[in-house]
Peer 1: 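For reference, the structure I am asking about is given below.
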Amino acid sequence: MALSGFPELLPAQRFVENAVLDRLRHTFELHGFAPLETRAVEPLEQMLRKGEIDKEVYVLRRLHADPDDAADSSGLGLHFDLTVPFARYVLENAGHLEFPFRRYQIQKVWRGERPQTGRYREFTQADIDVVARDSLSFHHDVEVARVMAEALAALDFLPPLRLQINNRKLMEGFFLGLGAPDVPAVMRAVDRLDKVPSEVVGQQLVDDAGLTLEQAAQCLALAGIRSLDSSFVSSVWALGVSHPLLDEGLGELAAVIDGCAGITSERLVVEADLRIARGLDYYTGTVFETRMAGFESLGSICSGGRYDSLASDGKVTYPGVGISLGVTRLLIPLFQQGLLTASRSVPSAVLVALPDDDARAMCDTIAQTLRARGIPTEVAASPQKFGKQIRYAERRGIPYVWFPGAEGHEVKDIRSGDQVGADPATWTPPFVDLQPQVISQKVVE
RNA sequence: GUGGGUGUAGCUCAGCUGGUAGAGCGCCGCGUUGUGGUCGCGGAUGCCGCGGGUUCAAGUCCCGUCACUCACCCCA
């Protein structure tokens, strides 16, 4: 019985997911990010500090706990992201960590939401963050963007991606320079631009954020600016608004965009997009979102940003910058549309056919000889007709069937039908056949 | 949490104004007596989501319920 929102994968899909996780780990470690895993549960008060997501937290309770006894409640919940647990971890282990501390964390998280395509109750996130004590150099904003961009580019079987970057200081400075009375309200309205038509947002800017029609038009003009290089700066200047915070934000965003120059390919675009706002209010500077071509309705599949007070113990503040990839959100829709799978559903590259039960020992020896040389091999379960055994391999995508013989062995590539004499001590399949390969299909319209 | 849609074979679905369940794909077998795929022939498979009601009779109508799904909210 499938539980909605708690996806379970078939073996070929899990293989693809493993390939994604392997490549992410590889890229993150290549940049020196340390591996980290935190416990699955956090104290409720820890999680409820940020945002209004309290309803979404799965609470932990003993089956035999007395529901009427408040003291029997564990006070624990499953973590709903990896940022808040990381903040708690940094505070607890500050004495053992070297700052700036760079870590990656790939784990399941849980949210008690209503499931939908791209929205799950249990899903995997891959986070990278850099956190420092007291102050964090701005160049880490660039670093985080570059590392994730590189990691995304390494997932070369995905549809084209668009990493969109903006800056909260830029937006706030612009809104302040414009004379907006309620900056957060402006932010919320602009954040809805990808959901509702700009006329509606414009009306909301007037009605809810208290802007004049002219000010609202300026905000929409700002949100319409995007560029693949730092040319957005002059576009903003052309709007004639000035504020110190605006200049600071423009400088930071230009630095991030320039810092990512050279990463852009036909598969991954990095651009400044001044409509990106992010709902979460703890971001204070750089903000990231990522969209996947053909899957825009999923929203962002990789987001994050700069937060100046990720954690604080009262005396010391730990600012950070990070970005989080929604591995599950990314993969499940591709699986559902049949755009992504693996070349086979089992690791085996070779099936050793079993002529009869007496031959099992010999077949096991052949298999062991192949395995010793790194070739994943299984022996047929029963001495069925060879046609059946070949079909067994075909169903699973196993590319080779090995036929033992008294005078000599033969191995058949069942895709081509080619069958040749072979020695288990020396025969080696092409490298690509050793492991299942990720297969991606182009979107067909 | 709010609002819409849908629940029939392993999968995708069809089943008219109620008369006791079908197709395609897949699966199994045979043709092919130890080498699959193509082709041909044959075969198996259903608490028609669950509970109740109306009726001589319910997959079909009514009520309830659960599940799935889409949108809002929010977000990876």
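In what follows, every chain begins at residue 1, and chains take the letters A, B, ... in the order their sequences are listed.
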Peer 1: Do R23(A) side-chain atoms and A154(A) backbone N/O form a donor-acceptor pair below 3.5 Å?
Peer 2: yes
Peer 1: How long is the line joining CZ of R395(A) and C1' of rG10(B), in whole Å?
Peer 2: 13 Å
Peer 1: Compare side-chain N and O positions of R391(A) against OP1 and OP2 of rG29(B) and report whether any pair is under 4.0 Å apart.
Peer 2: yes
Peer 1: Considering only side-chain heavy atoms of K385(A), which listed nucleotide, rA76(B), rG34(B), rG29(B), is closest?
Peer 2: rG34(B)
Peer 1: I want to check a possible cation-pi pair here: R102(A) against F33(A), using under 6.0 Å from ring centre and within 45° of the ring axis as the test.
Peer 2: yes
Peer 1: Considering only heavy atoms and no angle criterion, is a donor-acceptor pair shorter than 3.5 Å present between the side chain of E289(A) and the base of rA76(B)?
Peer 2: no
Peer 1: Name the closest nucleotide to the P355(A) side chain, picking from rC74(B), rG34(B), rU35(B).
Peer 2: rG34(B)
Peer 1: Can you tell me if NE2 on H139(A) sees more than 12 non-hydrogen neighbours from other groups inside 6.0 Å?
Peer 2: yes
Peer 1: Using Watson-Crick and G-U wobble pairs with both distances under 3.5 Å, what is the 5'-to-3' dot-bracket string of RNA chain B, with [ ] for crossing pairs and | for pairs outside the strand?
Peer 2: (((((((..((((.....[..)))).(((((.......))))).....(((((..]....))))))))))))....
Peer 1: For L331(A), report the nucleic acid contact type (base, sugar-phosphate, nothing); a contact means any heavy atom under 4.0 Å.
Peer 2: nothing
Peer 1: Write down the distance between CD (E113(A)) and P (rC72(B)), rounded to a whole number of angstrom.
Peer 2: 13 Å
Peer 1: Could you give the CD-to-C1' distance, from Q336(A) to rC11(B), as a whole number of Å?
Peer 2: 15 Å
Peer 1: Nearest of rC75(B), rG37(B), rG34(B) to any side-chain atom of R111(A)?
Peer 2: rC75(B)
Peer 1: Taking atom P in both rC13(B) and rC73(B), compute the distance separating them and give it to the nearest angstrom.
Peer 2: 28 Å
Peer 1: Which nucleotide, rU35(B), rA76(B), rC70(B), lies nearest any side-chain atom of Q116(A)?
Peer 2: rC70(B)
Peer 1: Output yes when at least one side-chain N/O atom of S4(A) is less than 4.0 Å from OP1 or OP2 of rU69(B), else no.
Peer 2: yes
Peer 1: Could you tell me how the ring of Y318(A) sits relative to the ring of F99(A): parallel (under 30°), tilted (30 to 60°) or perpendicular (over 60°)?
Peer 2: tilted
Peer 1: Starting the side chain at C-beta, find the nucleotide from rG36(B), rC72(B), rC70(B) nearest to T117(A).
Peer 2: rC70(B)
Peer 1: Between C1' on rU35(B) and CZ on F403(A), what's the gap in Å once rounded to a whole number?
Peer 2: 5 Å
Peer 1: For the pair H409(A) and W402(A), name the ring-plane relationship: parallel under 30°, tilted 30 to 60°, perpendicular over 60°.
Peer 2: tilted
Peer 1: If you measure from the P atom in rC66(B) to the same atom in rG10(B), how many Å do you get, rounded?
Peer 2: 25 Å
Peer 1: Atom CD1 of I276(A) to atom P of rA76(B): distance rounded to whole Å?
Peer 2: 12 Å
Peer 1: Contact class for G387(A) (heavy atom, under 4.0 Å): base, sugar-phosphate, or nothing?
Peer 2: sugar-phosphate
Peer 1: Could you pick out which residue, Q384(A) or S300(A), lies toward the 5' side of RNA chain B when each is mapped onto its nearest nucleotide?
Peer 2: Q384(A)
Peer 1: Taking the P atom in each of rC47(B) and rU8(B), what is the distance between them to the nearest angstrom?
Peer 2: 10 Å
Peer 1: Donor-acceptor pair under 3.5 Å: do we get one between Q389(A)'s side chain and the base of rU35(B)?
Peer 2: no
Peer 1: Under 3.5 Å, is there an N or O donor on one side and an acceptor on the other linking the side chain of R114(A) and the base of rC73(B)?
Peer 2: no
Peer 1: Report the distance from atom NE2 of H79(A) to atom P of rA76(B), rounded to the nearest whole Å.
Peer 2: 14 Å
Peer 1: Has T341(A) got a side-chain atom pairing as donor or acceptor with I439(A)'s backbone, closer than 3.5 angstrom?
Peer 2: no
Peer 1: Expressed in angstrom and rounded to an integer, what is the separation of D81(A) atom CG from rC75(B) atom P?
Peer 2: 11 Å
Peer 1: Ring centroid separation for Y120(A) and W110(A), is it under 6.0 angstrom?
Peer 2: no
Peer 1: Please give the distance between the P atoms of rA9(B) and rA14(B) as a whole number of Å.
Peer 2: 12 Å
Peer 1: Please confirm whether the ring centroid of F80(A) lies under 6.0 Å from the ring centroid of Y58(A).
Peer 2: no
Peer 1: Can you check whether V346(A)'s main-chain N or O pairs, donor with acceptor, with S348(A)'s side chain at less than 3.5 Å?
Peer 2: no
Peer 1: When the P atoms of rU65(B) and rC70(B) are considered, how many whole Å apart are they?
Peer 2: 23 Å
Peer 1: How close or far is atom C1' of rC74(B) from atom CZ of F123(A), stated in whole angstroms?
Peer 2: 11 Å
Peer 1: Give a yes/no verdict on base stacking between rA76(B) and Y120(A): centres under 5.5 Å, planes within less than 30° of parallel.
Peer 2: no
Peer 1: So, do Y104(A) and F28(A) have ring centers that fall under 6.0 Å from each other?
Peer 2: yes
Peer 1: By the 4.0 Å heavy-atom rule, please label R192(A) as base, sugar-phosphate, or nothing.
Peer 2: sugar-phosphate
Peer 1: Say we look at rG49(B) and rA58(B): how far apart would their P atoms be, to the nearest angstrom?
Peer 2: 15 Å
Peer 1: Which whole number of Å gives the distance between the C1' atom of rG22(B) and that of rA76(B)?
Peer 2: 43 Å
Peer 1: Under 3.5 Å, is there any donor-acceptor pair linking the side chain of R119(A) to the base of rA76(B)?
Peer 2: no
Peer 1: Between K388(A) and I414(A), which is nearer to the 5' end of RNA chain B once each is assigned its nearest nucleotide?
Peer 2: K388(A)
Peer 1: When you compare rC25(B) with rC39(B), how far apart are their P atoms, in angstrom units rounded to a whole number?
Peer 2: 10 Å
